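For reference, the structure discussed in these notes is given below.
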Amino acid sequence: MSADAEDLLVRGNARTDGLPVPGWRPRTEEPRLVFSWTPRPVATRALPVEESDAADRVRVHRSAFTGSTFALKHWETMRASPAGHLAVETLVRTPDGDAAATATGWFAGPGRCGLLEPVGTHADHRGHGYGRDAVLGACAALADRGASAVAVLTPAANEAAAALYRSAGFTLLRENHDWTRPDHA
């Protein structure tokens, strides 16, 4: 991690924690863990998501996130959006060809940190390393485009996600709290 990034991630730095505006305070509930991945060579079963894989990518997402309403039309809208060309998506299949896991990374430009979001493993295929491979594939694709690192945030209570990112070689940088402004009644 560059010295610039370390300086930015110091608690209290207004550029990362939010502006120190009177009346606003950090929320103590629902902290998020901030993880970072440093580019390096990786081996993975992940392949880029092609248009022909879109339905499988959507199916994995819906299974991974209970209550999700993500649909093919949402994926198509995302890919056609002005930011769609910044996305890298990976899909991992089982040996039988079933879609098992997917990860999306967002490229911010050469030399800048990419963002990993969302990552999901189909409920029928958890615990076999498919999610880790999807994550590593997305990270490698971001690095190939020139990302200096890859960051991901996950709720601190989501122990499975934290374990996944650690297993993929991410480093925990810090716990982050959202900022809130109490109601003025």
Side-chain angles (χ1 to χ4, degrees), residues 1-20 26-27 30-50 53-54 57 60-61 64-65 75 77-92 100-121 129-179:
M1 176 169 46
S2 75
D4 298 12
E6 288 179 9
D7 292 343
L8 286 173
L9 293 170
V10 173
R11 179 162 292 290
N13 183 324
R15 292 177 289 174
T16 58
D17 280 346
L19 296 175
R27 291 177 65 173
E30 301 180 37
R32 302 208 185 290
L33 301 177
V34 180
F35 287 93
S36 178
W37 183 84
T38 302
R40 65 185 179 286
V42 297
T44 177
R45 298 173 278 188
L47 296 172
V49 172
E50 303 294 338
D53 300 312
R57 187 258 186 250
V60 169
H61 184 104
F65 301 100
W75 181 86
T77 299
M78 178 189 78
R79 296 301 296 185
S81 77
H85 72 284
L86 300 173
V88 297
E89 293 187 284
T90 59
L91 181 68
V92 178
T102 185
T104 301
W106 295 93
F107 184 63
R112 300 185 78 183
C113 185
L115 179 65
L116 189 62
E117 171 67 26
V119 172
T121 301
Y130 298 123
R132 180 178 181 273
D133 277 352
V135 165
L136 288 173
C139 289
L142 288 168
D144 286 348
R145 289 184 72 179
S148 61
V150 179
V152 66
L153 281 77
T154 191
N158 191 341
E159 294 174 9
L164 166 65
Y165 299 128
R166 284 185 179 100
S167 77
F170 278 72
T171 301
L172 176 63
L173 297 178
R174 70 178 198 172
E175 189 175 280
N176 192 52
H177 293 271
D178 291 334
W179 286 74

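All values reported here derive from a predicted model rather than from experimental measurement. Note that these values count all heavy atoms, side chains included, but never hydrogens, waters or copies made by symmetry. Residues take their numbers from the sequence shown, with the count starting at 1.
Of all heavy-atom pairs spanning A100 and V60, the tightest one is O-CG1, 3.9 Å. Nearest approach of P39 to A147, heavy atoms of both residues: CG-O, 3.7 Å. Nearest heavy-atom pair across V119 and A103 is CG2-CB, 4.0 Å. The minimum heavy-atom distance between G105 and A138, with the atom names listed, is N-CB, 4.4 Å. Closest heavy-atom contact between R40 and A168: NH2-O, 2.9 Å.
Under the 4.5 Å side-chain criterion, counting only non-hydrogen atoms from C-beta, W75 is in contact with E89. T90 has its side chain out of reach of V49: every pair of non-hydrogen atoms, C-beta onward, lies at least 4.5 Å apart. Here the side chains of P48 and E50 are in contact, with some heavy-atom distance below 4.5 Å. Between L142 and W106, the closest side-chain pair of non-hydrogen atoms is not below 4.5 Å. No side-chain heavy atom of R132 sits under 4.5 Å from any side-chain heavy atom of V135.
With T102 contributing its side chain and L91 its backbone, the two residues share no donor-acceptor pair below 3.5 Å. In this structure, the side chain of T154 does not engage the main chain of A161 through any donor-acceptor pair within 3.5 Å. A donor-acceptor contact shorter than 3.5 Å is absent between the side chain of R79 and the backbone of T77. Formation of a donor-acceptor pair under 3.5 Å by the R145 side chain with backbone atoms of G109 is not found in this model. Using modelled atom types, no side-chain atom of D133 and backbone atom of Y130 make a donor-acceptor pair closer than 3.5 Å.
Here T121 contributes atom OG1 and H61 contributes atom NE2; the two are 12.5 Å apart, rounded to the nearest 0.5 Å. In this structure, S36 OG and Y165 OH are separated by 13.0 Å, a value rounded to the nearest 0.5 Å. The distance from the CG atom of L164 to the CG atom of N158 is 9.5 Å, given to the nearest 0.5 Å. Rounded to the nearest 0.5 Å, atoms SG (C113) and CH2 (W37) are 11.0 Å apart. How far OG of S81 is from CG of L86: 8.0 Å, rounded to the nearest 0.5 Å.
Of the N and O atoms on the side chains of R57 and T104, at least one donor lies less than 3.5 Å from an acceptor on the other residue.
By the 30° and 60° cut-offs, the orientation of the rings of F170 relative to F35 is perpendicular.
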field: Trace of the side-chain contact (heavy atoms from CB on, under 4.5 Å) decision for L33 with N176
entry: CA-CA 6 Å; L33 301 177; N176 192 52; over 6 Å; no
